[in-house]
Colleague: 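For reference, the structure I am asking about is given below.
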Amino acid sequence: MDADARYSALFLEVYGTLPRAGPGGDEHTLRALELVPGSSPRTVLDLGCGPGAQTLALASALPQADIVAVDVLESMVAEAGRRIADAGVGERVEAVAGDMIAPPVKPGSQDLIWCEGAIYNVGVTEALTGWRPLLRLGGTVVFSEVVWLVAAPPGEALAWWTAEYPPMSDRAGVEARIAAASYRTIGSFVLPASGWWDEYYAPMQGRVADLRARLSDDPVALEVAAQAEAEIDIFRRYSECYSYEFFVVQPTC
Ligand SMILES: C[S@@+](CC[C@H](N)C(=O)[O-])C[C@H]1O[C@@H](n2cnc3c(N)ncnc32)[C@H](O)[C@@H]1O
């Protein structure tokens with residue numbers, strides 16, 4: 001295995017085995033779901049589903065819904081599939097491999113498109129524009145996106161995030177990208193810091209400690225560990241400056 005493949009494998013060992021593959025929690029998924037207007041959704045797409053935590057929260061809150069969860073990584077799809085089977089909801093919830101910009105559903109078929117902590121892979125305007133034809137009349141998109149919470153972020157945090165995710169903006173910047181796709185915002189809220197720790201950074205710290213103990217003389221493993229620790233450290237020191245924000249949006253026409 002070359003160094004790149006090994007980095008990816010170790011990266012997945014740290015990030016791909018967490019309860020969630022990004023900040024969040026069932027209570028926040030359900031809070032966002034409560035903001036969705038109209039009758040209970042019957043067809044749901046969960047895009048960039050990762051290991052499927054929010055897929056199962058949605059499945060449990062929407063017992064009448066058929067849900068298709070999509071992720072580009074086979075290992076994520078496999079983990080989501082295992083959790084779906086364990087939860088006993090496999091007759092109406094499935095995880096499939098695919099690209100979130102071209103999910104395997106018919107045009108005009110979806111009441112709800114969900115994209116928790118994953119829309120950054122495509123871009124807000126690009127994703128919303130691409131998903132528009134998949135929505136039923138009155139359909140809704142819910143997504144979360146990382147935002148600055150302060151007008152002048154500290155230089156260290158700004159530098160770290162600008163390197164990680166150049167399009168990062170404040171709430172107004174996301175609103176502008178929503179409007180550019182001809183959608184309007186129905187509701188929004190900021191994920192509290194606990195949503196980053198409980199199911200994401202706290203278990204990640206355990207994975208990193210394990211990696212360091214097991215592969216203490218492996219430079220690739222140490223690089224993966226250092227990257228995760230740097231991310232956690234930035235959040236520990238600047239968590240009041242940024243977070244994910246949920247946006248519940250509908251097309252304007
Ligand atoms: C930060 S994780 C969030 C996963 C999950 N929603 C959660 O919160 O646990 C982002 C996910 O998007 C997936 N992803 C990246 N690009 C994608 C694409 N083009 N289509 C589908 N999934 C994608 C990644 O494999 C990863 O599982």
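Ligands are counted one by one from 1 in listed order, and the atoms in each one are counted from 1 as well. From a predicted model like this one, the values you see are computed outputs, not experimental measurements. These numbers come from the heavy atoms of this one structure, side chains and all, not from hydrogens, waters or symmetry mates.
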Colleague: Nearest heavy atom to atom 1 (C) of ligand 1 wins, so pick from Ala21, Ser75, Ala53.
Modeller: Ala21
Colleague: Side chains of Glu116 and Ser144 only: does a donor on one sit below 3.5 Å from an acceptor on the other?
Modeller: no
Colleague: Mark the output for Gly24 as yes if a heavy-atom distance to ligand 1 is under 4.0 Å, and as no if none is.
Modeller: no
Colleague: Assess the side chains of Arg132 and Ser182: does a donor N or O sit below 3.5 Å from an acceptor N or O?
Modeller: no
Colleague: So, do Leu149 and Ser243 sit near enough that their side-chain heavy atoms are less than 4.5 Å apart?
Modeller: yes
Colleague: Is the shortest distance from a heavy atom of Tyr15 to ligand 1 less than 4.0 Å?
Modeller: no
Colleague: Considering Gly48, Gly117, Gly98, Ala127 one by one, which has a heavy atom nearer to atom 5 (C) of ligand 1 than any of the others?
Modeller: Gly48
Colleague: Of all the atoms in ligand 1, which lie at a distance below 4.0 Å from a heavy atom belonging to Asp99?
Modeller: 18 (C), 19 (N), 20 (N)
Colleague: Ring of Phe246, cation from Arg31 - is the NZ or CZ under 6.0 Å from the centre and inside 45° of the axis?
Modeller: no
Colleague: Got the closest protein heavy atom to atom 20 (N) of ligand 1, with its distance?
Modeller: Met100 N, 2.7 Å
Colleague: Starting from atom 12 (O) of ligand 1, find the nearest protein heavy-atom neighbour and note its residue, name and distance.
Modeller: Asn121 ND2, 3.4 Å
Colleague: Any N or O of Tyr120 that comes nearer than 3.5 Å to an N or O of ligand 1?
Modeller: no
Colleague: Whether the Gln64 and Ser40 side chains hold a donor-acceptor pair (N or O, under 3.5 Å, no angle test) is what I'd like checked.
Modeller: no
